[in-house]
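Okay, structure first, notes after.
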Number of protein chains: 2
Amino acid sequence: MPHTETSPERDLLRSAGLRATDPRIETLRALETHPHADAQEVFDAVSSVLPDTSLQAIYGVLSALTDTGLVRRIEPAGSPARYELRVGDNHHHIVCSKCGAIGDVDCAVGHAPCLTPSTTSGFTLTTAEVTYWGLCPDCAAAPLT
Amino acid sequence: MPHTETSPERDLLRSAGLRATDPRIETLRALETHPHADAQEVFDAVSSVLPDTSLQAIYGVLSALTDTGLVRRIEPAGSPARYELRVGDNHHHIVCSKCGAIGDVDCAVGHAPCLTPSTTSGFTLTTAEVTYWGLCPDCAAAPLT
DNA sequence: CCTCAGTTTTGAATGAATCAAAATAAGCGC
DNA sequence: GCGCTTATTTTGATTCATTCAAAACTGAGG
């Protein structure tokens, strides 16, 4: 009888109109523990609790969660897609250009105007996305490798 | 005797310390004609002039040009890598979330401060990248398909 | 014009992600 | 609680963009 009991993850799934399955519940838990994990990392984490889970199931879960807005997908250049729980929304990401590590960055200061482009080539603008690039603490500390 | 004559592309390559080969010259020309082209599109354009060129050669050319800063590589989520000639640097990109088309956008207004994050999770910041998302004129005109 | 390192060709391999059919199970109504 | 229906997962194969590697070639300095 898998997960007859209630849980925050179960409620979250149900309120989004999704069935509360074990892989989905464990995927949400994995993302709590591993922010910015990619599909493989989520799979590894879920597998340790549900050994019969397939990687394809994880892809399916992640895309269902992304479609319903429970999870956000980020795709930095040169990195596989990464996922994070949607927690409010005022933050961007900083990516280590050496090792690919990702950090959260609070919304830039003084910027409501910043993200308004001056021209849009005829496009209808819906969102602006900011990605910062730099070095994570570890890579900055080991510049000579 | 391929390209003994001088040309803007040849000079550009030589001044970057690269050998002026036909595939490189034609790749630069292809990017003048096709801004934001991906490797396949560059290959198609170059092939029409140099039928013996291989796709792998194009990948090699693009990575040499990118490494020397002659060309900039952009990688919007869900799109293969795209390339553009480095022309000054005050612009960002707007991507059509429906068809993937890309447009240039002049630097956002009033923004020197905008791209300064308030916290950086311990990362050393080097650059900030802005990507706008929206609908291109064509996709905005055909919302019912 | 010759030589050699930088390039390209040719052919194969990788990694991330998607597709599809069959098997399974969540949660509705009874 | 019990089936039924449909959403979800499993299983297995496939696509696409990109990279790797060895051999053949060629630009350009001497």
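Residue numbers start from 1 in every chain, and the chains themselves are labelled A, B, ... in the order their sequence lines are given, proteins ahead of strands.
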* Taking for each residue the nucleotide of DNA chain D with the nearest heavy atom, is it B:Leu18 or B:Glu75 whose nucleotide lies nearer the 5' end? ->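 Upstream on the strand: B:Glu75.
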* Asked: Of B:Ser79 and A:Ala57, whose nearest nucleotide on DNA chain D comes first from the 5' end?
  ->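 That would be A:Ala57.
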* To do: State, to 0.1 Å, how close A:Thr33 and A:Pro35 come at their nearest heavy-atom pair, and which atoms those are.
  =>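 In this case the closest contact between A:Thr33 and A:Pro35 is O-CD, 3.3 Å.
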* To do: For residues B:His36 and B:Gly103, report the shortest heavy-atom separation together with the two atoms involved.
  =>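 Result for this residue pair: CE1-C, 4.2 Å.
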Phosphate-side-chain proximity, [X] and [N], N/O vs OP1/OP2 below 4.0 Å:
X	N	result
B:Thr21	C:dT8	yes
B:Arg14	D:dA28	yes
B:Tyr59	D:dT19	no

How many Å lie between [atom1] on [X] and [atom2] on [N], as a whole number?
X	N	atom1	atom2	answer
B:Arg24	C:dT8	CZ	C1'	10 Å
B:Gln40	D:dT15	CD	P	16 Å
B:Leu65	C:dT7	CG	C1'	12 Å
A:Asp44	C:dA16	CG	P	11 Å
A:Arg82	C:dA16	CZ	C1'	13 Å
A:Ile58	D:dT10	CD1	C1'	12 Å
A:Leu55	D:dT11	CG	P	13 Å
A:Gln56	C:dG15	CD	C1'	13 Å

* Reckon A:Ala64 touches a base, only the sugar-phosphate, or nothing at all at heavy-atom distances under 4.0 Å? ->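 Here A:Ala64 touches no strand at all.
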* Do any N or O atoms from the side chain of B:Glu129 and from the backbone of A:Trp133 form a donor-acceptor pair under 3.5 angstrom? ->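 No, B:Glu129 side chain to A:Trp133 backbone: no donor-acceptor pair under 3.5 Å.
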* Taking B:Arg24 for its side chain and B:Arg19 for its backbone only, find out whether a donor-acceptor pair lies under 3.5 Å. =>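 Between the backbone of B:Arg19 and the side chain of B:Arg24 there is a qualifying donor-acceptor contact (under 3.5 Å).
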* Tell me, with the steps shown, if A:Arg29 and A:Glu32 meet salt bridge (charged side-chain N to carboxylate O under 4.0 Å, His left out). => CA-CA 5 Å; A:Arg29 290 185 178 153; A:Glu32 288 163 20; 5.8 Å; no
* B:Pro80 side chain: which of D:dA17, D:dT9, C:dT8 is closest? ->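 Shortest atom-to-atom distance from the side chain points to D:dA17.
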* To do: Please tell me which of B:Arg19 and B:Asp52 maps to the more 5' nucleotide of DNA chain C, matching each residue to the nucleotide holding its nearest heavy atom.
  =>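 Result of the comparison: B:Arg19.
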